[in-house]
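This chain uses plain numbering: 1 for the first residue, then up along the sequence. Just so we're clear, the structure is a prediction, and the values are computed from it rather than from any experiment.
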Amino acid sequence: MIVRKNMGRASPLVLVTLVLGFCFATYNLVTMIMHNRAISKWVEDDANGGIFFDPVIKMPENVRKPKNARLPFHVAVTATDATYSQWQCRIMYYWYKKKKDLPGSDMGGFTRILHSGSPDNFMDEIPTIVVDPLPEGLDRVSFLLYHILNRHRAAFSEKIPLSYQGYIVLNRPWAFVQWLEKATIEEDYILMAEPDHIFINPLPNLASGGFPAAFPFFYIKPADYGKVLRKFFPEEMGPVTNIDPIGNSPVIIKKDLLKKIAPTWMNVSLKMKDDPETDEAFGWVLEMYAYAVGSALHGVQHILRKDFMLQPPWDFEIGKKFIIHYTYGCDYNMKGELMYGEIGEWRFDKRSFLRGPPPRNLSLPPPGVPESVVCLYKYRY
């Protein structure tokens, strides 16, 4: 009887053990549910064009932007004095002014970095600083870098091949190197933009401390060019997938970080262009790869924001995106059907306006074209 009585009554130690075990199991279950919900929410956000960032890797607390903190960034765009570049810069600057002071905007000052070497007739209309175009010899670049940026090392001796003269984009990194050295920039962050960008919503600072924010381009694929990229990104730096699928624009980055990357970006651009295999592989996106490699050589990883910008006609809806990039031609028939690769019955292509801006009497897009193309039409002034 005594044995049966003891067997029918649990000891206090057993009860405590059971309670603790139940609490632990409940805690794990709740944690797992919350974790799964967090991942599902990230996947949902990404599907809707949100942050493209590994949900397992959380942003370190010390680089998170405090709530309601305003971290202004300086908008910088490189340009030439060609009419084609001028009208795009005027449109961009117009919409910058329209969005700059709206709620949610962190846009600070604006600079057009004119790398034609001399002033043009828009100096009074658009805040501009004039810098030199790329010199004709890499030996002169080395000389200038040594005296302007003596804290950086640049060992150049060979001449720039004539092929450089047909690739004006190479002036871009050199322009940033000069501007960062000679200009007084009040903001701690910089947005690298391009003339064919239009601000359609107030743009906040998407960067977080040492993590710049960038737009992921579907055609920048470092993993597909491992053999070529190993010429510039050695194995000791890790896999080529450490190179982000980005260009230098749009990118929001800390000023001091860009000062370190810019000379490397320029050096890699020139070396890539001077290598026939690399030049053939990358073509007109060579300088984009050069920035991606240059930043990776400094161990910099970017927060990839698919909502940073949209590119009509491939992106249909505006949503909460911030920039329209009108680099592609938009060709449609009068039924509103895309005719890409052909001359449409209705079209908007920036290359149709090499000698002047789009006319104000440009016909309305036909019914059925995407919202992004209609928005581009409305914002073309």
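Remark: Glu345 CD is packed, more than 12 non-hydrogen atoms of other residues, nucleotides or ligands lying under 6.0 Å away. For NZ of Lys98, the number of neighbouring non-hydrogen atoms (other residues, nucleotides, ligands) closer than 6.0 Å is 12 at most. The environment of Glu187 atom CD is dense: over 12 non-hydrogen atoms of other residues, nucleotides or ligands sit within 6.0 angstrom.
For Phe110 and Tyr93, the ring centers sit closer than 6.0 Å to each other. Two rings, from Trp314 and Phe218, have their centers 6.0 Å or more apart.
Evaluation of the ring pair (Phe, Tyr, Trp, His ring centres under 6.0 Å) test over residues 252-279, restricted to residues two or more places apart or in two chains, returns Phe176-Trp265, Trp265-Tyr291.
A side-chain N or O of Gln86 and one of Asp120 form a donor-acceptor pair less than 3.5 Å apart. If you check the side chains of Gln311 and Asp315, you find no donor sitting under 3.5 Å from an acceptor. For Thr83 and Arg355, the side-chain atoms include no donor-acceptor pair closer than 3.5 Å. At a cut-off of 3.5 Å, with distance as the only test, a side-chain donor of Thr111 or His74 sits close to an acceptor on the other residue.
In summary, Lys320 and Asp307 do not engage in a salt bridge, as defined by a charged side-chain N under 4.0 Å from a carboxylate O.
The ring pair (Phe, Tyr, Trp, His ring centres under 6.0 Å) search around Tyr84 returns none, not counting sequence neighbours.
Of the possible polar contacts, none joining the Tyr96 side chain to the Val75 backbone as a donor-acceptor pair under 3.5 Å is found.
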Assess whether ring-ring contact (aromatic ring centres under 6.0 Å, His included) is satisfied between Phe215 and Phe217, documenting all intermediate values. CA-CA 6 Å; Phe215 177 79; Phe217 289 91; 5.0 Å; yes

